Amino acid sequence: MPAPGTPLEHLGFLTLGTFDPADPAAGHEATLRMVELGERLGFDSAWLRHRHLQYGISSPVAVLAALSQRTSRIALGTAVTPLAWENPLRLAEDLATVDVLAGGRLNPGVSVGPPMHWDDVRGALYPDTADVEDLGYGRVERLLRLVAGEPAASFAGREGVVEEWSDRVQPHSPGLRGRLWYGGGSTRSAQWAGQAGMNLLTSSVTRAEGGSTDFAEVQAAQIRAYRDAGGTGRVSQGLVVIPTDSATGEQRARYAAYVEARTPRTRSPQGPAGMLFAPDLLGTSEQIAEALYAHAGFREVTEVVFALPFSFGEADYEQVLTDMVQRLGPLLGWSPAG
């Protein structure tokens, strides 16, 4: 997105899918309705965050399977699935199954590294193998090979009267390999994604690098590193964006309080890893569009997956999504899907 006048090609949104632990069904149903609304409004894609042992969607692939039957056009993705929690073979089967059900609309995003609170969960997750599990890029490579249809077993053929065995993951969905994304937040991960032939998801969190603590500059450099490493796939940016065009006065006040509470963490690198958090973009669509065109990371992409705030209500999300489509998107040169 080098300058105003270059149209945004793809507009999506990302939700955490929060729920009340006393009534989880209601929260999951609200997420289904949100994505259905997104399709009616004309969004190109809807993405689910992946949260374990929290009050957000822990099994987005299962939720996306439901959405495959309640939507017909909108692309469906995960942003992102932490592979440390997954068996790549079993995940490949689940992803291919949902992609078949969705008619080739699935866009799985993944990442690697030890799970959050690793010392607290390793005993439940890998009671016998925690010390030898490969939690790095090798785990993604296994998933890529299996999704692509490379052998998963050494035997194929008929056994007995009716048992037919395949030596690769079934069902096989031929286009799925090209719709796998890596969620990168460092130069190394961006370069690896490019070399691995994956699409690249960037978000509102990244690692301070190159002597810079300017989020936009660091993110732009990582996107360029992806392309310099041979990455020819899609690249998407995912900032928290809250347009207020049609919001009520009460909503605007709550949104402002939400952003104010989150702003201090954006002023300096956080934690031992030096993580940078992008400021939430709050304001009219005109104000947000101006901020995006001034953002070095945004100028490197032609598609976005705007992240929704964690704790808003259903009416709030409807207002934000509607303003994104009807006000903000057109200012970025985007048109809703038919």
Side-chain angles (χ1 to χ4, degrees), residues 14-17 24 28 31 46-68 75-102 105-153 166-173 175-186 189 192-193 196-201 203 205 238 305:
L14 166 66
T15 181
L16 181 65
H28 284 72
T31 296
W47 303 68
L48 303 182
R49 290 188 185 271
H50 202 151
R51 288 292 187 266
H52 291 291
L53 304 181
Q54 297 183 33
Y55 306 115
I57 292 173
S58 62
S59 185
V61 178
V63 176
L64 293 176
L67 283 167
S68 75
L76 304 169
T78 63
V80 290
T81 294
L83 285 187
W85 290 78
E86 306 289 339
N87 179 296
L89 175 54
R90 279 291 300 116
L91 180 61
E93 292 177 326
D94 287 346
L95 295 178
T97 299
V98 175
D99 195 44
V100 167
L101 291 172
R105 291 185 284 138
L106 192 63
N107 283 257
V110 300
S111 66
V112 299
M116 296 178 66
H117 299 286
W118 173 232
D119 288 340
D120 297 316
V121 302
R122 57 185 287 161
L125 189 58
Y126 299 114
D128 303 314
T129 62
D131 291 333
V132 297
E133 289 289 335
D134 177 7
L135 305 181
Y137 295 129
R139 214 172 184 88
V140 193
E141 291 168 347
R142 287 169 57 197
L143 178 67
L144 294 176
R145 291 194 298 269
L146 293 164
V147 167
E150 294 188 23
S166 170
D167 61 356
R168 67 177 182 172
V169 166
Q170 296 297 336
H172 177 63
S173 187
L176 182 57
R177 170 62 177 84
R179 283 179 272 112
L180 280 163
W181 298 69
Y182 188 79
S186 68
S189 62
W192 183 88
M198 299 185 73
N199 303 299
L200 178 65
L201 279 170
S203 72
V205 184
V305 178

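Quick caveat: nothing in here was measured; it's all calculated off a predicted structure. For the single chain, residues carry numbers from 1 onward in sequence order.
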- Message: Taking S189's backbone N and O only, do any of them form a donor-acceptor pair with S186's side chain (distance below 3.5 Å, no angle check)?
- Response: yes
- Indicate yes or no: at least one non-hydrogen side-chain atom of L91 is less than 4.5 angstrom from one of N87. no
- Presence of salt bridge, R179 and D99, under 4.0 angstrom: yes
- Message: Between V121 and Y126, is the side-chain contact (heavy atoms from CB on, under 4.5 Å) condition met? List the steps.
- Response: CA-CA 8 Å; V121 302; Y126 299 114; over 6 Å; no
- Query: Can you tell me how far OG1 of T97 sits from CG of L106, rounded to the nearest 0.5 angstrom?
  - Reply: 10.5 Å
- Message: Minimum heavy-atom separation for A84 and L135, please, with both atom names.
- Response: CB-CD2, 3.8 Å
- So do the side chains of L76 and N107 get within less than 4.5 Å of each other, counting heavy atoms only? no
- Task: In plain terms, say whether E133 and R122 are close enough for a salt bridge, that is, a side-chain N and a carboxylate O under 4.0 Å apart.
- Result: no
- Interatomic distance, R51 atom CZ to L48 atom CG [nearest 0.5 angstrom]: 11.5 Å
- So, do H52 and P82 sit near enough that their side-chain heavy atoms are less than 4.5 Å apart? yes
- Task: Calculate, to the nearest 0.5 Å, the distance between atoms CZ and CG belonging to R105 and L67 respectively.
- Result: 8.5 Å
- Using atom types as modelled and distance alone, determine if a side-chain donor or acceptor of S59 lies under 3.5 Å from a backbone N or O of V61. no
- Between G77 and L64, the two heavy atoms sitting closest are O-CD1, 3.9 Å
- Run the numbers on R177 and L144 for side-chain contact (heavy atoms from CB on, under 4.5 Å), then give the verdict. CA-CA 7 Å; R177 170 62 177 84; L144 294 176; 3.7 Å; yes
- M198 side chain reached by V110 side chain, heavy atoms, under 4.5 Å: yes
- From L125 CG over to E86 CD, what is the distance, rounded to the nearest 0.5 angstrom? 9.0 Å
- Below 4.5 Å, heavy atoms only, C-beta onward: do L143 and R139 meet side chain to side chain? no
- Message: Just so I know, are the side chains of P88 and L83 near enough to count as touching, which here means a heavy-atom distance under 4.5 Å?
- Response: no
- Task: Consider only side-chain N and O atoms of H50 and T78, and report whether a donor and an acceptor are under 3.5 Å apart.
- Result: no
- Task: Could you tell me whether the side chain of I57 reaches within less than 4.5 Å of the side chain of L16, counting heavy atoms only?
- Result: no
- Task: Looking only at non-hydrogen atoms, find the nearest pair between A96 and P171 and report the distance.
- Result: CB-O, 3.0 Å
- Can you name the nearest heavy-atom pair linking A92 to V147, along with the distance? CB-CG2, 4.0 Å
- Message: So Y137 and R142, do their side chains get closer than 4.5 Å, heavy atoms only?
- Response: no
- Counting only N and O atoms by type, is there a donor-acceptor contact under 3.5 Å from the side chain of H172 to the main-chain atoms of R168? no
- Parallel, tilted or perpendicular: rings of W47 and W181 (30°, 60°): perpendicular
- Note on the structure: Only residue of L201, N199, V112 satisfying side chain to side chain contact (heavy atoms under 4.5 Å, CB included) with Y182 is V112
